[in-house]
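Side chains included, hydrogens not; waters and symmetry mates left out as well; all remaining heavy atoms used. Everything numeric here is computed off the predicted structure, so don't read it as measured data. Start at 1 and go down the list; that is how both ligands and their atoms are numbered.
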Amino acid sequence: MKEQLADILDQVLRRNPGEREFHQAVREVFESLEPVLRKNPQYVDAAVLERLCEPERQIIFRVPWVDDEGRVQINRGFRVEYNSALGPYKGGLRFHPSVYLGIVKFLGFEQVFKNSLTGMPIGGGKGGSDFDPRGRSTGEVMRFCQSFMTELYRHLGEHTDVPAGDIGVGGREIGYLFGQYKRITNRWEAGVLTGKGLSWGGSLVRTEATGYGTVLFAERMLATRGASFDGRRVVVSGAGNVAQYAIQKAQQLGAHVVACSDSTGYVLDERGIDLPLLQQVREAERLPVSVYAERRGATFVPGRRVWEVGAEVALPCATQNELDEDDAAALVRSGVLAVSEGANMPTTPAAVALLTEAGVLFAPGKAANAGGVATSALEMQQNASRDAWTFEYTEQRLAGIMHGIHDRCLATADEYGAPGNYVLGANIAGFTKVADAMLALGVV
Ligand code: NDP
Ligand code: 2IT
């Protein structure tokens, strides 16, 4: 079985040259699957793995737009419709200069397993563009979003493919994308995008859901060792959507959140992060975290990673491969108890190994950050029934889903003889549901 897995992985690497992040994501899942394939040879016979490594559809398109100086700009747009065995393609759009096919495929691959873990009827997809929204005016962002949707709309639909936000795509961008979709199709089709504003079809708690879910997962994980967030020193990376609401929920649970970051460096604020000020700086004014530090009288450390300050709970909420072996070693030296991934694949494989060997509780992103997409599915549910739920009810649903994912990961890890291994539990539990659906649907 090991050899068969190695052969399939080899094929994946050969067929997708240069897509480093995609290779990493596939390799990480494959490392968990040997016991499940041994027990279920039908998955091997039906080439489920080979099919899972080939997206159902990959769309790449030109996005032309005109900047404020009247110059024509060209970006590249992507949508990888990865797997629809469990439901319509579902997953975010990322606007960041580092976006290329390998990033979108890694995110789409992860999304398939994550969405399966939520227990909701959603398949996996991901998209985005190498457009860099930083330094662009609101008018430029709007024209870019309109051009992007002018091509993408024909591939979308509430029963077909339902995008949402990711890095560089928040409420503002979803508004422009939704507006253009509505204009082109002449349909007020709320279920075609999630993360919408509350007055035009959005769901309460969607904005908070990813960060909240990451902390709720970590809370449940800490409880398995009789521990909690109360009084703990917490460090968060990133300062965007996921980071902000991870900070908020951790603070609600009594944690002392002392640091966060962005691509320019990190802020150390021993008095505890002042979230309203951080949101004023990052959301309202779209400025770097150094401005927060200046206004707050906190320390800003340029060009370094936040992990060096040490923490009892670490929440990586920025981007892929942002916590490496050295960072993990620094965290272990500082006595870290748990790491819960708010971002997608933020911890390098060597860092995961080091944390696991040191006995640190480790929650992989496809389980810990699933609260965002799960609440997107709740938004779709409200849209389909033309209903709007309360904050309390929606948050209760989110908590139930996160606890369910946690417990399923743990039970699956136990079943396969790896107690406490959330990586193995998440990969196998996520895989099994999709694999069974793919078998049932025939060779498609
Ligand atoms: P935002 O755009 O709101 O924030 C991203 C944050 O990460 C910013 O602080 C940004 O800093 C920082 N960042 C981005 N790229 C880099 C980089 N290459 N190096 C260092 N810092 C970087 O995005 P989100 O908060 O929505 O997303 C954060 C992570 O969470 C991503 O991995 C995303 O895939 C994942 N995620 C998001 C979900 C959601 O619902 N939004 C759901 C599940 C996962 P700067 O502004 O300086 O670039
Ligand atoms: O990575 C993710 O799960 C997201 N960016 C959210 C996807 C969604 O459809 O809400």
**Report entry** Chi angles and distances behind the side-chain hydrogen bond (donor to acceptor under 3.5 Å, both in side chains) call for Tyr292, Asp269
**Finding:** CA-CA 10 Å; Tyr292 168 92; Asp269 186 351; 2.6 Å; yes

Requested in this report: Under the side-chain hydrogen bond (donor to acceptor under 3.5 Å, both in side chains) rule, what do Glu341 and Thr347 come out as? Steps first, then yes or no, please.
Outcome: CA-CA 8 Å; Glu341 293 188 328; Thr347 317; 2.5 Å; yes

**Report entry** Worked check of side-chain hydrogen bond (donor to acceptor under 3.5 Å, both in side chains) between Tyr89 and His155
**Finding:** CA-CA 10 Å; Tyr89 308 109; His155 304 289; over 6 Å; no

Report task. Check step by step if salt bridge (charged side-chain N to carboxylate O under 4.0 Å, His left out) holds for Glu308 and Arg304. Result -> CA-CA 8 Å; Glu308 66 187 20; Arg304 297 191 61 90; 2.8 Å; yes

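Among the atoms of Lys114, none of the N or O lies under 3.5 angstrom from an N or O of ligand 1. Residue-to-ligand polar distances place Gly168 within reach of ligand 1: an N/O pair is separated by less than 3.5 Å. Considering backbone and side-chain N/O atoms, Val162 never comes within less than 3.5 Å of an N/O atom of ligand 2.
Contacts between Glu283 and ligand 1, counted as non-hydrogen atom pairs separated by less than 4.0 Å, are absent for every part of the residue. For Glu322, no heavy-atom contact with ligand 1 is shorter than 4.0 Å. Heavy atoms of Arg134 found under 4.0 angstrom from ligand 1 belong exclusively to the side chain. The residue Pro346 has no part lying near ligand 1, judged by heavy-atom distances below 4.0 Å. Only the side chain of Thr210 comes within 4.0 Å of ligand 1, counting heavy atoms alone; its backbone N, CA, C and O stay farther away.
Interface of Gly238 with ligand 1, defined as ligand atoms under 4.0 Å from a residue heavy atom, comprises 9 (O). Heavy-atom contacts of Lys114 reach the following atoms of ligand 2: 1 (O), 2 (C), 3 (O) (cutoff under 4.0 Å). The Ala164 neighbourhood of ligand 2 comprises atoms 8 (C), 9 (O), 10 (O), with distances under 4.0 Å to a heavy atom of that residue. In the vicinity of Ser376, heavy-atom distances shorter than 4.0 Å reach the ligand 2 atoms 8 (C), 9 (O), 10 (O). Heavy-atom contacts of Gly91 reach the following atoms of ligand 2: 7 (C), 9 (O) (cutoff under 4.0 Å). For ligand 1, the atoms lying closer than 4.0 Å to a non-hydrogen atom of Cys317 are 28 (C), 29 (C). Near Lys126, with a cut-off below 4.0 Å to any heavy atom, the atoms of ligand 2 are 1 (O), 2 (C), 4 (C), 5 (N). Every atom of ligand 1 with a heavy atom of Gly342 under 4.0 Å away is listed here by number and element: 30 (O), 35 (C), 36 (N), 44 (C). Short contacts between ligand 1 and Arg94, defined as distances under 4.0 Å to a heavy atom of the residue, involve ligand atoms 31 (C), 32 (O), 33 (C), 34 (O).
Annotation: atom 7 (C) of ligand 2 to nearest protein heavy atom, Gly92 N, 3.5 Å. Among all non-hydrogen protein atoms, the one lying nearest atom 6 (C) of ligand 2 is Arg206 NH2, 3.5 Å. Closest protein heavy atom to atom 9 (O) of ligand 2: Lys90 NZ, 2.6 Å. Nearest protein neighbour of atom 3 (O) of ligand 1, counting heavy atoms only, is Asn241 N, 2.9 Å. Nearest non-hydrogen protein atom to atom 45 (P) of ligand 1 is Ser263 OG, 3.4 Å. When hydrogens are left out, the protein atom nearest atom 6 (C) of ligand 1 is Gly240 N, 4.0 Å; that is the closest non-hydrogen contact. Remark: minimum distance from atom 23 (O) of ligand 1 to any protein heavy atom is reached at Ile167 CA, 3.4 Å. Atom 25 (O) of ligand 1 has its closest protein heavy atom at Val242 N, 2.9 Å. Of all protein heavy atoms, the one closest to atom 16 (C) of ligand 1 is Thr319 CG2, 3.6 Å. At the top of the distance list for atom 13 (N) of ligand 1, counting protein heavy atoms only, stands Ala318 CB, 4.2 Å. Of the protein's non-hydrogen atoms, His96 NE2, 3.6 Å is the one closest to atom 15 (N) of ligand 1.
Remark: aromatic rings of Phe78 and Tyr100 are distant, center separation not under 6.0 Å. Taking the six-membered ring where the residue is Trp, the centroids of Tyr266 and Trp307 are separated by 6.0 Å or more. Between His406 and Tyr422, the distance separating the two ring centers is shorter than 6.0 angstrom. Taking the centre of each ring, Phe95 and Phe144 come in below the 6.0 Å mark. Two rings, from Trp188 and Phe178, have their centers less than 6.0 Å apart.
In this structure the side chain of Met120 reaches within 4.5 angstrom of the side chain of Ile401, judged on heavy atoms.
Salt-bridge formation is not detected for the pair Lys105/Glu54: no Lys NZ or Arg NE/NH1/NH2 atom is positioned less than 4.0 Å from an Asp or Glu carboxylate oxygen.
In this structure, Gly170 does not count as a contact residue of ligand 1, since none of its heavy atoms falls inside 4.0 Å of the ligand. Within the structure, the closest approach of Ala239 to ligand 1 falls below 4.0 Å when heavy atoms are considered. Residue-ligand proximity: Gln320 is placed with every non-hydrogen atom at 4.0 Å or more from ligand 1. The closest approach between any non-hydrogen atom of Arg282 and ligand 1 is below 4.0 Å. Contact annotation: Gly165 has at least one heavy atom less than 4.0 Å from an atom of ligand 2.
Of all the listed residues (Asn344, Asp166, Val236), Asn344 holds the heavy atom that lies closest to atom 32 (O) of ligand 1.
Pairing each heavy atom of Asn427 with each of Ser32, the nearest pair is ND2-OG, 2.9 Å. Of all non-hydrogen atoms in Pro88 and Met380, the two that sit nearest each other are CG-CE, 4.3 Å. The two residues Phe30 and Leu9 have their closest heavy-atom pair at CE2-N, 3.7 Å.
Inspection of the Lys90 and Thr194 side chains reveals an N or O donor paired with an N or O acceptor under 3.5 Å.
In this structure, Arg62 places its CZ atom where only 12 or fewer heavy-atom neighbours from other residues, nucleotides or ligands lie under 6.0 Å away.
Between Phe148 and Phe61, the ring planes lie tilted relative to each other; the angle falls in the 30° to 60° range.
Interatomic distance, OG1 of Thr356 versus CG of Asn421, reported as 6.5 Å (0.5 Å rounding).
Checking each of Asp132, Asp166, Asp130 against Arg94 for a salt bridge (Lys or Arg N to Asp or Glu O under 4.0 Å) leaves exactly one that passes, namely Asp166.
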